[in-house]
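Chain letters run A, B, ... following the sequence lines, proteins first, then strands; residues in each count from 1. Excluded from the calculations below are hydrogen atoms, water molecules and symmetry mates; all remaining heavy atoms, backbone and side chain alike, are included.
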Amino acid sequence: MNTCVNRHKNIIDFALSSLLRRKVKNLSLLAVYTLIVFVLASLIFFVQAVRQEAAAILAEAPDIVVQRLAAGRHDLIPAGYAERIGAIRGVGRVAPRLWGYYFHPAFGATYTVMVPEEPIVAPGRILVGAGVARNQQIKVGDVTALRSSRGEPLPVTVGGVYPAASDLVAADLIVMSAADFHALFNLPQGYATDLAVTVANSREQATVAAKIAELFPDTRPILKSEILRTYDAIFEWRGGMMVVILATAVLSFVIFAWDKATGLSAEERKEIGILKSIGWETSDVLLLKFWEGAVISLTAFLVGIVLAYGHVFFFSAGLFESALKGWSVLYPRFRLVPVIDAFQVTVLFFLSVLPYTAATIVPAWLAASSDPDAAMRS
Amino acid sequence: MRKSTIYLLFTACSVAACLLAVLHAAFRRHYDGRTERRHRATLVRELRLTDLCLFTDARYTRNPAMADRHAPFQEHPVALEHFPSGSFLSPPAGLERPHEHLR
């Protein structure tokens, strides 16, 4: 046992010395390798955490949201629809939702304005998300003005600020009373943005939605399962920028492995020949090359994973901010609950460590199987 | 100290850091995370929210679950993607096969 351990340690010593003889090349390779693993692992952690968060908290979303469409666009829905939908068997209750977007020209930000079902906020007061408070630099008790659609100022007092922990759902939120909402957007009476429908039996949601669509052909029912599915497919690999990032990472790993698999340099072949001539067995040479590959790939993998975890769950994926922020002025801070998907980390391991290590061994085996004299002469 | 010893110690520390991350994730998920999620879920229920606040530059990426079919073509039907966040989101599943779920 001790002999076996010492044998491995001796070979690791030799492997490290061999790598350090080409210090610049190998350290550069290690740095780039770590960077690729770091980016990919950050992406995996971030996406998985967002999905899990969405699945957990959007389970409380309305059972069915009924939108009215006009010329293919989301339009206001008459309140009268609610009464007829409420009469459908299986429907528990129907509540109109008042919500919309407000662009504040002074701060250059777009906010989501929402009216709660319960009157938790009095006219003239608002509750704001932490992102809004940061953007406008306001706090509880401050008075701010919103510009109505008629161009008139609407003064409101900040009644509360949602904690930063709720940024994931409420960063850009402004919650106000229905009276203020109508004053701000000049909505006609008797209309709502959409309707939130509660269905007593969750298994009847699809049936109720079908009845709603049949009763009102100009509506579009959205099931809760669709809402959840939307976020389950968020940052999907097969679409958009994500496939570019994934393809880049996979291509990088392929290049790393290909560089190793396409053969050894003349110096390396000579080195193998010398080792064979002084008594090294083929298995020893293969073990040496295995450790050379494993040292770089395993180190890059472990360091990349640790750095990615810190980046996503301690620094809110700050390096992704420039990409995720896009043209947003108000950017939520992602305080995500940590999630480590063992399957995806394992896939990343098999994608990064094993191919590179295997690609290191194969050409070494070919060289070690040849005559030592021929290898030294090459 | 031998090079191999230094390397093995470094690897052991890295593995320990990974295990520490797993433990930290479990701890956060069962203590702080549970409270935070409950608070967020309460907010979703009280305000009847339907979407996460991931992007704030376009309405169809701010509320992808609520986006209508023509939202990305806000200028004209053959307009290219206008907002960077649109590059990160795929269309909602319900829009790809309209009313399939209603059959």
Side-chain angles (χ1 to χ4, degrees), chain A residues 9 12-13 16-17 54 56-58 60-62 65 69 72-74 97 101 110 112 114 116-118 165-172 175 196 206 209-210 213 222-223 226-227 229-231 233-236 239-242 295 298 302-303 305-306 309 326-328 330 332 337-340, chain B residues 2-5 7-8 10-11 14-15 17-18 21-22 24-25 28-29 32-33 35-37 39-59 62-71 83-94 99 101-103:
Chain A
K9 291 185 72 175
I12 293 173
D13 273 335
L16 291 170
S17 298
I57 63 182
L58 293 182
E60 302 290 338
V65 175
L69 298 177
R73 294 282 185 166
H74 184 188
R97 291 206 306 163
Y101 305 106
T110 302
T112 300
M114 177 72 67
E117 186 174 15
E118 301 295 329
S166 60
D167 258 18
L168 201 59
V169 295
D172 70 341
V175 180
I222 304 171
L223 299 175
E226 284 184 291
I227 295 173
R229 205 158 71 233
T230 296
Y231 284 92
I234 196 171
F235 304 114
E236 201 171 38
M241 191 67 69
M242 305 313 290
V295 162
L298 186 61
L302 293 174
V303 173
I305 289 287
V306 172
Y309 186 89
W327 291 6
S328 305
L330 194 155
V337 177
V339 174
I340 298 179
Chain B
R2 296 174 64 175
K3 291 190 181 70
S4 59
T5 305
Y7 170 73
L8 291 176
F10 177 80
T11 302
S14 299
V15 172
C18 289
V22 173
H24 175 264
R28 275 287 311 277
R29 194 163 53 249
D32 296 342
T35 303
E36 289 177 8
R37 269 185 185 169
H39 178 73
R40 291 170 185 160
T42 300
L43 211 56
V44 168
R45 183 175 63 252
E46 288 181 354
L47 300 180
R48 299 166 298 171
L49 303 177
T50 57
D51 292 274
L52 301 183
C53 179
L54 298 176
F55 308 102
T56 61
D57 50 348
R59 59 188 173 90
R62 171 59 179 92
N63 295 94
M66 297 290 111
D68 56 64
R69 188 168 297 109
H70 306 289
F83 292 98
S85 56
S87 302
F88 292 103
L89 291 176
S90 299
H99 300 302
H101 63 287
L102 300 176
R103 295 175 187 155

Requested in this report: Tell me, with the steps shown, if B/T5 and A/K9 meet side chain to side chain contact (heavy atoms under 4.5 Å, CB included).
Outcome: CA-CA 8 Å; B/T5 305; A/K9 291 185 72 175; 3.2 Å; yes

Query - Region of A/V169 that comes under 4.5 Å of a non-hydrogen atom in chain B - result: both

I'd like to know which of [options] tops the heavy-atom pair count under 4.5 Å against chain B.
{"options": "A/P62, A/A171, A/A196", "value": "A/P62"}
{"options": "A/E118, A/R97, A/M114, A/H74", "value": "A/R97"}
{"options": "A/L69, A/T110, A/V175, A/L168", "value": "A/L168"}

Query raised in the report: chain A heavy atoms under 4.5 Å from B/L54: which part of the residue, side chain, backbone, both or neither?
Result: both

Requested in this report: Sort B/L49 into side chain, backbone, both or neither according to what part of it lies under 4.5 angstrom from a heavy atom of chain A.
Outcome: both

Keeping [X] on the side-chain end and [Y] on the backbone end, is there a donor-acceptor pair under 3.5 Å?
{"X": "B/R40", "Y": "A/A170", "answer": "no"}
{"X": "A/Y309", "Y": "B/A25", "answer": "yes"}
{"X": "B/T56", "Y": "A/L330", "answer": "yes"}

[X] and [Y]: which non-hydrogen atoms are nearest, and at how many Å?
{"X": "B/G33", "Y": "A/V337", "answer": "CA-CG2, 3.7 Å"}
{"X": "B/V44", "Y": "A/A61", "answer": "CG1-N, 3.8 Å"}
{"X": "A/I305", "Y": "B/C18", "answer": "CG2-SG, 4.2 Å"}
{"X": "B/D51", "Y": "A/L58", "answer": "N-CD2, 4.1 Å"}
{"X": "A/I57", "Y": "B/R37", "answer": "CG2-O, 3.7 Å"}

Report summary line: In terms of heavy-atom pairs under 4.5 Å with chain A, the winner among B/S4, B/A41, B/A17 is B/S4

**Report entry** Partners passing salt bridge (charged side-chain N to carboxylate O under 4.0 Å, His left out) against A/E60 (at least two apart in sequence or in another chain)
**Finding:** B/R45

**Report entry** Counterpart residues, salt bridge (charged side-chain N to carboxylate O under 4.0 Å, His left out), relative to A/E117 (two or more places apart)
**Finding:** A/R93

Requested in this report: Would you indicate whether the side-chain heavy atoms of A/Y231 and B/P64 approach each other to under 4.5 Å?
Outcome: yes

Requested in this report: For residues A/P116 and B/E46, determine if any side-chain heavy atom of one lies less than 4.5 Å from a side-chain heavy atom of the other.
Outcome: no

Kindly compute the distance separating [atom1] ([X]) from [atom2] ([Y]), expressed to the nearest 0.5 Å.
{"X": "A/I340", "Y": "B/R29", "atom1": "CD1", "atom2": "CZ", "answer": "8.0 Å"}
{"X": "B/T11", "Y": "A/L298", "atom1": "OG1", "atom2": "CG", "answer": "6.0 Å"}
{"X": "B/R59", "Y": "A/T112", "atom1": "CZ", "atom2": "OG1", "answer": "12.5 Å"}

**Report entry** Audit row: A/V295, B/F10, side chain to side chain contact (heavy atoms under 4.5 Å, CB included) steps and yes/no
**Finding:** CA-CA 11 Å; A/V295 162; B/F10 177 80; over 6 Å; no

